[in-house]
Protein chains: 2
Amino acid sequence: MTAQRRLLVGIIQDSPRHLDAAALLKIARKQDPDIDRATVYRTLALLKNRGLIDELDLMHIEGEKHYYEAKTNRDHCHMACFRCGAIMEYASSSFEKLKAEMVKQSGFHIRVVRLEVGGFCKRCQKGVTS
Amino acid sequence: MTAQRRLLVGIIQDSPRHLDAAALLKIARKQDPDIDRATVYRTLALLKNRGLIDELDLMHIEGEKHYYEAKTNRDHCHMACFRCGAIMEYASSSFEKLKAEMVKQSGFHIRVVRLEVGGFCKRCQKGVTS
DNA sequence: ATAACTGCAAATCTTTTGCTTACAG
DNA sequence: CTGTAAGCAAAAGATTTGCAGTTAT
């Protein structure tokens, strides 16, 4: 693994929020001003294929870009608030059960799971028509 | 609702497979050769906002485009095979339970749910290394 | 009239690719 | 050596937008 890739991985792991490619590039450039967009995208593709990161859309709340996060031991759902833009995560044994059931009933071999929810968070529900 | 919109809605409802904007446009043009790409996108946005259709990514198995399907009474998961490209749907009471649990525990008001799974279907698993 | 819808062309945004040079095993 | 990685610039693909003309209420 090259220094640039280590840098990118480190940034993704340390980030408290989900980063898109552009944000990741911007942060990376503080450490290595010469790093290129293409390197970021190539590294993201590589990490994704190796199963080290997950790719998210976050319900396209903010354009068509993708967001990334380091793979966690437990799959979790992302809930995106259409009003305030907050992203909440949710993991539960029910989710694990559902996955197990899917595998059992369909024989599908799961490699990646993405469960995303769009709606309104608790705080934003007041005054929301629908 | 205009004639063009009705046409587009009809195509989405009748399609056995998930259509992307380009495919939808192509089909629509058989009936109305003058319909424009922009109209398709504008209509899709409108239908999505009204909750009449769901937008899917199908794990980006085939590029970054989006796919659409008429909203069904029951939310379901899409499983996409990385090898053969097959898309399988999966609905179950466990999924409903999970959603109910999420609502209860987080107070989030769910408007849209998207559960997508990538991996290998039963038939494609033979000979797959990882 | 007034507001919503459409076609057209151009623009925008994100992501990918070809090519050449630089580096690592 | 030989393969992989990186920078750069250009391309590609999907979606959006401004504007002017059209249709519907």
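As the structure is a prediction and not an experimental result, all values here were calculated from the model. Proteins come first, then strands; the chains are lettered A, B, ... in the order of their sequence lines, and each starts at number 1.
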message = Is any side-chain heavy atom of B:Lys122 closer than 4.5 Å to one of A:His109?
response = no
ask   = Under 4.0 Å: is that the gap between some side-chain N or O of B:Arg37 and OP1 or OP2 of C:dC8?
value = no
task = Using atom CG of B:Asp36 as one end and atom P of D:dC19 as the other, report the distance to the nearest whole Å.
result = 17 Å
ask   = Can you tell me how far C1' of D:dA11 sits from OH of A:Tyr41, to the nearest Å?
value = 14 Å
inquiry  = Closest approach to the side chain of B:Ala21, judged atom by atom: which nucleotide of D:dA6, D:dT15, C:dT6 is it?
reply    = D:dT15
remark   = Considering only heavy side-chain atoms of A:Ile35, the closest of C:dC8, D:dG7, D:dT15 is D:dG7
inquiry  = Below the 4.0 Å mark, does C:dA4 have OP1 or OP2 next to a side-chain nitrogen or oxygen of B:Arg5?
reply    = no
ask   = In terms of side-chain heavy atoms of B:Glu64, which of D:dC8, C:dT15, C:dA9 is nearest?
value = C:dT15
key: Any A:Thr2 side-chain nitrogen or oxygen under 4.0 Å from OP1 or OP2 of D:dA6   = yes
key: Heavy atoms from other residues, nucleotides or ligands near CZ of A:Arg74 exceed 12 (cutoff 6.0 Å)   = yes
inquiry  = So, OP1 or OP2 of D:dT23: does either fall under 4.0 Å of a side-chain N or O from B:Gln4?
reply    = no
request  = Go through A:Ser92 and B:Glu101 one step at a time and tell me if the side chain to side chain donor-acceptor pair (under 3.5 Å) criterion holds.
outcome  = CA-CA 9 Å; A:Ser92 85; B:Glu101 187 187 293; 2.9 Å; yes
Atom-to-atom span, CG of A:Leu44 to P of D:dA6 - whole angstrom = 12 Å
message = Under 4.0 Å, heavy atoms only, any strand: does A:Asp34 hit a base, just the sugar-phosphate, or nothing?
response = sugar-phosphate
inquiry  = Is A:His66 close enough to C:dT15 that one of its side-chain N or O atoms is under 4.0 Å from OP1 or OP2 there?
reply    = yes
ask   = Starting at CG of B:Leu25 and ending at C1' of C:dG7, how long is that distance when rounded to a whole Å?
value = 12 Å
ask   = Roughly how many Å is it from CZ in B:Arg50 to P in C:dA4, rounded to a whole number?
value = 12 Å
query = A:Leu19 has an atom CG; how far is it from atom C1' of C:dT14, in whole Å?
reply = 16 Å
message = Side chain of A:Leu46 only, heavy atoms from C-beta on: which candidate in D:dA5, D:dG7, D:dT15 is closest?
response = D:dA5
query = Is any side-chain N of the basic residue among B:Asp57 and A:Arg114 closer than 4.0 Å to the acidic one's carboxylate O?
reply = yes
ask   = Which whole-number value in Å describes the distance from A:Glu62 CD to D:dT16 C1'?
value = 16 Å
query = With a 4.5 Å heavy-atom cut-off, do A:Asp20 and A:Leu24 have their side chains touching?
reply = no
ask   = Please give, in whole Å, the distance from C:dT14 P to A:Leu56 CG?
value = 16 Å
